[in-house]
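Step one of this worksheet: look at the structure below.
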Amino acid sequence: MTNIKERPISPHLTIYRPQISSMLSIMHRATGVFLFAGLVIFCWWIIAMIYGTDELKSCVSNMTSHILSQILIFSWSFSLFYHLLNGVRHLFWDMGKGMSIESMTKSGWIVVFGSLVLTISSWSALLEF
Amino acid sequence: MSFKSEFSKIKSRGSSSSGVHHWWSQRFTAICLIFLVIWFVMSLTGKISQFGGVTPHILVRDPIDIISLILLILVAIHHANLGIQVVFEDYVSCKCLRVAMIVAVKIISYASAFAAVFGLIELYLS
């Protein structure tokens, strides 16, 4: 008799074709978690820059100006716009609107392109001072 | 004839009563965050264009800036905790570990948020 931990299950991630519904849904969760981590680190940055020793402040400044940090901050901003737009999509679903497959697909693509547009436009606005 | 005790009949049945509140809080904080995030993005890009870099000092120049930023941090941390609770509930099967992780994240995130908020207020007043 197989142990309870060894019972077979049907394949899922290995056989299901990625679709706009499932991919955007998991992205919403992933961006949410990433945004949370970034938010807490933002709070730590505030605390460090206000209360830190000069040594700590210069260390933190060097870390944040590193290209890796800039990439992370850029990803965080994309996550913010994505989670915001997809969140609005979710709120419409909560009101019962837009739940047909056609609407869901259309709004899904609007979310993806909208996030890219918002990210790129806000960063270009930033870098053109 | 059922030989189950009354208690065992109702165990694992029905809500523990705080589910709907969780659902509504999540939606309400989400709506608030729509406005707060839009404000924050516009304000931050304006400030960075003006000052070139980012320090906490440029974030706390006017009372409206600091009040909105504090609201953003607190509402976002609350919304995030509600969300992460659902994530842990979905993926962590062991009950003690699940509870421990939700509690640990809650403590760390709220403590960090309150410390940051206090720092911003102190910075503004100095």
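Letters A, B, ... are given to chains in the order of the sequence lines, protein chains preceding strands, and every chain is numbered from 1.
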So, for [X] and [Y], which heavy atoms are closest and what is the spacing to 0.1 Å?
X	Y	value
B:Pro56	A:Ile50	CB-CG1, 4.1 Å
A:Leu39	B:Ala76	CD2-CB, 3.6 Å
B:Thr45	A:Ser122	CG2-O, 4.0 Å
A:Ile47	B:Ser112	CD1-O, 3.8 Å
B:Val54	A:Trp45	O-CZ2, 3.6 Å
B:Ala116	A:Ile46	O-CG2, 3.9 Å

Could you tell me whether [X] atom [atom1] has more than 12 heavy atoms of other residues or ligands within 6.0 Å of it?
X	atom1	answer
A:Phe92	CZ	no
B:His22	NE2	yes
A:Ile101	CD1	no
A:Trp109	CH2	no

**Request:** Evaluate side chain to side chain contact (heavy atoms under 4.5 Å, CB included) for B:Val41 paired with A:Leu80, printing each intermediate quantity in order.
**Result:** CA-CA 10 Å; B:Val41 170; A:Leu80 185 68; 4.0 Å; yes
**Prompt:** Between B:Asn81, B:Val105, B:Ile108, which residue shows the highest count of heavy-atom pairs closer than 4.5 Å to chain A?
**Reply:** B:Asn81
Quick check on [X] against chain A: is it the side chain, the backbone, both or neither that has a heavy atom closer than 4.5 Å?
X	answer
B:Leu59	side chain
B:Val86	both
B:Val37	side chain
B:Ile84	side chain

Hphob cluster co-occupancy, [X] + [Y], side-chain heavy atoms under 4.5 angstrom:
X	Y	result
B:Ile73	B:Phe114	yes
B:Leu120	B:Leu71	yes
B:Met42	B:Leu36	yes
A:Leu35	B:Tyr91	yes
A:Val88	A:Val117	no

**Prompt:** So which of A:His83, A:His90, A:Arg29, A:Met49 has the largest heavy-atom pair count under 4.5 angstrom toward chain B?
**Reply:**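 The candidate making the most pairs under 4.5 Å is A:Arg29.
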**Prompt:** Can you list the residues that meet the side chain to side chain donor-acceptor pair (under 3.5 Å) rule with A:Glu102, with sequence neighbours excluded?
**Reply:** A:Lys106
**Prompt:** Nearest 0.5 Å, what's the OG-CG distance between A:Ser77 and B:Leu44?
**Reply:**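 Answer for the OG-CG pair, A:Ser77 versus B:Leu44, is 10.5 Å.
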**Prompt:** Of all residues at least two apart in sequence or in a different chain, which pass the ring-ring contact (aromatic ring centres under 6.0 Å, His included) check with A:Trp123?
**Reply:**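 Here the qualifying residues are A:Phe74.
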**Prompt:** Do B:Ile34 and A:Leu91 come close enough that some side-chain heavy atom pair is under 4.5 Å?
**Reply:** yes
**Prompt:** Under a 4.5 Å cut-off applied to non-hydrogen side-chain atoms, are B:Ile77 and A:Phe36 in contact?
**Reply:**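 Sidechains of A:Phe36 and B:Ile77: in contact.
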**Request:** On the 0 to 90° scale, with breaks at 30° and 60°, tag the A:Tyr51-B:Phe118 ring pair as parallel, tilted or perpendicular.
**Result:**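 Ring orientation, 0 to 90° scale: parallel.
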**Item:** Which atoms of A:Leu118 approach chain B - backbone, side chain, both or neither, heavy atom under 4.5 Å
**Value:** neither
